[in-house]
K.L.:
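Pasting a structure here, questions to come.
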2 protein chains.
Amino acid sequence: MNTSEPAAKSITKSIAKGGIREENERHILDCAERIFAERGFGGATMQVIADEAALPKANLHYYFSSKETLYRRVVERIFTIWLEAAASFETSATPETALRRYIARKMEMSRTHRYGSKVWANEVMQGAPIIQDYLEVTLRDWTDTRIALIDRWSAAGRIAPVNARWLLYMIWATTQHYADFAHQIETLNEGRALSDAQWRDATETVIGIILRGVGLDPGPGPDAGDAP
Amino acid sequence: MNTSEPAAKSITKSIAKGGIREENERHILDCAERIFAERGFGGATMQVIADEAALPKANLHYYFSSKETLYRRVVERIFTIWLEAAASFETSATPETALRRYIARKMEMSRTHRYGSKVWANEVMQGAPIIQDYLEVTLRDWTDTRIALIDRWSAAGRIAPVNARWLLYMIWATTQHYADFAHQIETLNEGRALSDAQWRDATETVIGIILRGVGLDPGPGPDAGDAP
DNA sequence: GTCTATAGATTGATAGAC
DNA sequence: GTCTATCAATCTATAGAC
């Protein structure tokens, strides 16, 4: 061994929960996500991200070798979160339960992960230079299995005959709109963020229109329904 | 008069239809719209726009004094087109006709003005630094009158009771998704643009889900309905 | 690990020949 | 009106002191 290999200590640090490296990387990723979300890859600068993180610009390059590496890590983290939400579309549930849970989860995601949704939107609008392989493999597989499921529902008469692909796009578009166009929505809400009640109401409205739109009875909604 | 004022000739040129200035400005605006659409304001560069237009960079500054001026002209042109589409939501029509026409028009716009829609999306995602006044005045007024109209429909029992604001957002989101996320949609369509038949089918599906979703009967659709 | 200083490339914008 | 050459500012990325 020689003096140029303090590897053991560094690795231990980076693996340990709450280690300096892990904590700083997460902080930088959080800040970078906000900046990339609002300016896109080309519009964001390392200087602005560094300012957001309250760090010297050189520290970003210490943790992430390049701007593209940092961006890639941000996008990959978002895709992981997207996968978790996608899992809430359970293939074993009834049509009503599966659609209701999935829409509610996606609306919740738009509220809690606004910036992640915007980064995804920016990336797709730019032609998905980084995530094209995710679109072609993971997203396509997920979409195909859900379309097959919805088609079986239609064939069995459990929902009205409806093109499953356009239905899925409608759910994606509507739910993600509340994240991607949050600024417009807040401007039209007298400049204020949507309240808890408004989020619940919007979610129930979206669920109601979609369920009735595919021939299902949305019922009285969770609030009224839970009371004895 | 002195030699520094060839104003008469220049103005005549710039006003005449097909004048060099008018033609070049339109060409540059078209190219700039595509670049701003995919990279946003900060991500786009005058060099890339010049390459897209097959012109030296200096020519852009001859016609538009700054990058921001060029961007502002692009955004203002898009807003004008948006206003025309917004007018297709006629306040005098029946609920079914008004919704059907408006959705169809918005879907058509997403197909024919993909880049304009993306510029708008980028601008809103960045917090609308340029168009904030449009959002606060023109868009708000338009939205308020349509919400009032839809509320009257609900009160009169002509449609199911539904929150008009979330319904409008749903229509905006769904139709604009076909422009803003065109790359993702085409990737999931085996890398090909949607065909005429697919656009018709998607439009009818969206109209069908929305109309049923607000308690209306969408009927057999235009194709089947027109045949004797 | 953190930070200042700076290299080398690219940016928006302009000067001036044609 | 068009184009080449260029400026000052800013960008990503790195070197090297601490």
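Naming convention: chains lettered A, B, ... in sequence-line order (proteins, then strands); numbering from 1 in each chain.
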K.L.:
How many Å lie between CG on A:N59 and C1' on C:dG1, as a whole number?
P.N.:
8 Å
K.L.:
Does the cation-pi check pass for B:R146 over B:Y102, that is, NZ or CZ under 6.0 Å from the six-membered ring centre and within 45° of its axis?
P.N.:
no
K.L.:
Figure out the OH/C1' separation between B:Y62 and D:dT2, and round it to whole Å.
P.N.:
9 Å
K.L.:
Which part of the nucleic acid does A:F64 contact within heavy-atom distance under 4.0 Å: base, sugar-phosphate only, or nothing?
P.N.:
nothing
K.L.:
With nearest nucleotide decided by heavy atoms, which residue, B:K57 or B:A54, maps closer to the 5′ end of DNA chain D?
P.N.:
B:A54
K.L.:
With a non-hydrogen cut-off below 4.0 angstrom, is A:A50 in contact with a base, only sugar-phosphate, or nothing?
P.N.:
nothing
K.L.:
Compare the minimum distances between each of C:dA13, D:dT12, C:dA15 and the side chain of B:K67, then state the nucleotide with the smallest one.
P.N.:
C:dA13
K.L.:
Over how many whole Å does the gap from B:Q47 atom CD to D:dC11 atom P extend?
P.N.:
18 Å
K.L.:
Quick check for you: among D:dT4, D:dT2, C:dT2, whose closest atom lies nearest to any side-chain atom of A:N24?
P.N.:
C:dT2
K.L.:
Centroid separation under 6.0 Å, is that true for the rings of B:Y178 and B:W172?
P.N.:
no
K.L.:
Strictly below 4.0 Å: does A:H61 bring a side-chain N or O up to OP1 or OP2 of D:dT14?
P.N.:
no
K.L.:
Nearest whole Å is fine: how far is C:dA13 P from B:M46 CE?
P.N.:
6 Å
K.L.:
If you check every side-chain atom of A:T45, which of D:dT12, D:dG1, C:dC3 has the closest atom?
P.N.:
D:dT12
K.L.:
Going by distance alone, is a donor N or O of one side chain under 3.5 Å from an acceptor N or O of the other, for B:T205 and A:N163?
P.N.:
no
K.L.:
For B:L60 and C:dT14, give me the distance from atom CG to atom P, rounded to whole Å.
P.N.:
13 Å
K.L.:
Using whole Å, what does the distance between atom P of nucleotide D:dT12 and atom CZ of A:R39 come to?
P.N.:
11 Å
K.L.:
For A:I49 and D:dC11, what is the distance between atoms CD1 and P respectively, to the nearest whole Å?
P.N.:
11 Å
K.L.:
Would you check if there is a donor-acceptor pair between the side chains of B:W120 and A:Q184 at a distance under 3.5 Å?
P.N.:
yes
K.L.:
For B:D51 and C:dT11, give me the distance from atom CG to atom C1', rounded to whole Å.
P.N.:
14 Å
K.L.:
Looking at A:D133 and A:R140, is there a salt bridge between them, counting it only when a charged N and a carboxylate O are closer than 4.0 Å?
P.N.:
no
K.L.:
Closest approach to the side chain of B:Y63, judged atom by atom: which nucleotide of D:dT2, D:dA13, C:dA13 is it?
P.N.:
D:dT2
K.L.:
For the side chain of A:I20, starting at C-beta, report the closest nucleotide among C:dT2, D:dT14, D:dG1.
P.N.:
C:dT2
K.L.:
Measure from the side-chain heavy atoms of B:A58 and tell me the nearest of D:dT14, C:dA15, C:dG12.
P.N.:
C:dA15
